Amino acid sequence: MTTLPPVKPVTVSAANTIANQSADVVVVVLDETDLEQGKIKSTELQNIDSQLGGAVAALVALKDFEGKWLSTAVTLCPVNAVAKRVLLVGGGKKTDEKPARARQLGLKIAEETARFKSVKVTLCGTSTFLSTGELVSQMTLGLRMGCYKYPNSNLTAEARKELETPVEFKVAGTQSNVEAHLKQAAIVADSIETCRLLQDAPPNVATPAYVASVMSEKARAAGLSVQVYGGEKLRQMGFGAMMAVAGGSANDAQFVVFEYAPTNAKKSLAFVGKGLTMDTGGYSIKTPSTHQVGMKYDMSGAAVTLNAVVAIAKLQLPIRVFGVAALCENMVDAHAYRVGDVLTTYNGKTIEVLNTDAEGRIVLSDALAYTAKDLKADTIIEYSTLTGAMITSLGHLGAGVFAFNSDTLEKTVVNAAQQVGERVWPMPTWEEIGEDIKGTIADVTNIGATAGAAGSSVGAMFLKEFVENKPYCHVDIAGVANGNMALGFPRKISSGYGVQLSIEIARALSLN
Ligand code: BES
Ligand code: ZN
Ligand code: ZN
């Protein structure tokens, strides 16, 4: 058994009203339009406030809370009210990007209520607040994600007790069909949580074998079939590219393939993830060494794809789905690969290595070729923290998408991203960019001839050489995997970005 570190138990369930919940705190979400000149406008909210002993009206009258986006105010309730205190949270103005905003509210609520150590929290608002099942789901994800913390490796007894204390969120006044959404959201939240625990784990803990082992147990429990190939086997199979990258590492490489094959599936889809559990850059070493900080997150693509497939299986979506992860380390030693080496990949194409730090595309060349040839998936979606240039292009706000060999795939991905509030942006895939990696002594070089030019697209054009003209989308998550604003919150840790997007893509492709 490989164990994950402990995380706080958090449940989110539905409640008819805010009454009789013995809540430590009732959270009321108020939009700017819910208030006017220090008064609550709707009778709906006035009714809620009367159960809170008029605490909201009293606070709002002071005009220090006006419903501004993510603003907060706390006040005590009179003794006979339904809760001890009220937390007001501002819903801001009505805007687009509703899924992301519901999730952001959840994140904020989780963080704020943790500050006063609440165990029982009831949420409410007007009927426009959480008006659909999707918004309830996003709120649930926000609450769960906001409670997430990678624990200190040496917890004090007090900290352990705090961590083990459960939090119960109740969402009041929501529609009757909400139970199904809460159940589904819990599945997604579990996958995001595991994804983040693997992302945040230090590289001496989250080795390729650790990630493979943790995820294999989760996958088997969800009824998936599981294959894990170690280094020796991969060498025999012809993974010449991946094994070159793994050459300098003391930790064995692992290639993981999960399969979910429901009997009602008509199509198949493969998610492929870059799984560098540490990227030092190799002999083209990351300089200054501060650029190595955070490179434990270079396995985020692998964590996303494996966890997404586990969730897709638990959600029983009617589509055959593979989860593929290429896990290894990019290190420096006598066996490490070098600049100038020519590598033979799984499909026979050759690569001349011109920079050992552009290792993700090398590892993925074998993984993609295997997915196209052996798994024969109809569509391939691949996630990787591939290029620093992606951060230059889109910052930490969204992922770049590069779609190939399909008239519809880009749209499918963009629509899915909008549905779940994980931002993506389509990037250029101009043929001329591909000219830059044409090789002389090998088929391709692993970096472009024009240094720094369209770096993210160059990576994408390299990868598409290995998918046998199958519909393929490369998603560069370098900016959003960790320490980012991807999901609307600044944080130094993992984001789990991509788990929801993958599930939504699978859902969309299962429908048509
Ligand atoms: N893992 C990095 C990309 C990266 C950089 C992710 C910063 C997140 C934050 C990747 O392996 C890499 O080093 N790419 C090089 C490619 C270059 C040598 C063509 C890069 O982006 O500098
Ligand atoms: Zn690198
Ligand atoms: Zn890398």
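Every number for a ligand or one of its atoms is a count from 1 in the order of the listing. Everything quoted here is computed from the prediction, not taken from an experiment.
Using a 4.0 Å cut-off between heavy atoms, Asp357 contacts ligand 1 through both its backbone and its side chain. Here Lys286 has side-chain heavy atoms under 4.0 Å from ligand 1, and that is the only part of it that gets that close.
Around NZ of Lys218, the count of heavy atoms belonging to other residues, nucleotides or ligands within 6.0 Å does not exceed 12.
A salt bridge links Arg115 with Glu112: at least one charged nitrogen is closer than 4.0 Å to a carboxylate oxygen. Between Asp443 and Lys438, none of the side-chain N atoms (NZ, or NE/NH1/NH2) sits under 4.0 Å from a carboxylate O, so this pair counts as no salt bridge. Remark: Lys286 engages Asp279 in a salt bridge, criterion side-chain N to carboxylate O under 4.0 Å. Between Asp378 and Lys470 there is no salt bridge, since no side-chain N of the basic residue sits under 4.0 Å from a carboxylate O of the acidic one. Residues Glu468 and Lys373 are not paired through a salt bridge, judged by the lack of any N-O separation under 4.0 Å between the basic side chain and the carboxylate.
Distances between N or O atoms of Arg361 and those of ligand 1 include no value under 3.5 Å. Checking only distances, Thr387 never comes within under 3.5 Å of ligand 1, N or O to N or O. Residue Gly388 has at least one N or O atom closer than 3.5 Å to an N or O atom of ligand 1.
Scanning all protein heavy atoms for the shortest distance to atom 2 (C) of ligand 1 gives Asp279 OD2, 3.6 Å. In terms of protein heavy atoms, atom 14 (N) of ligand 1 is closest to Leu386 O, 3.4 Å.
At a cut-off of 2.8 Å, Ala358 is not counted among the residues with an N, O or S atom near the Zn ion (ligand 3).
When Met390, Met295, Lys274, Gln292 are checked for heavy-atom proximity to atom 9 (C) of ligand 1, Met295 turns out nearest.
Taking a 4.0 Å cut-off on heavy atoms, Val458 fails to register as neighbouring ligand 1.
With respect to the Zn ion (ligand 2), Asp279 has OD2 as its nearest N, O or S atom. Among the heteroatoms counted here (N, O or S) of Glu359, OE1 is the one nearest to the Zn ion (ligand 2).
The minimum heavy-atom distance linking Ala212 with Val228 is given by the pair CB-CG1, 4.1 Å.
Ring orientation note: the planes of Phe255 and Tyr370 are nearly perpendicular, at an angle over 60° on the 30°/60° scale.
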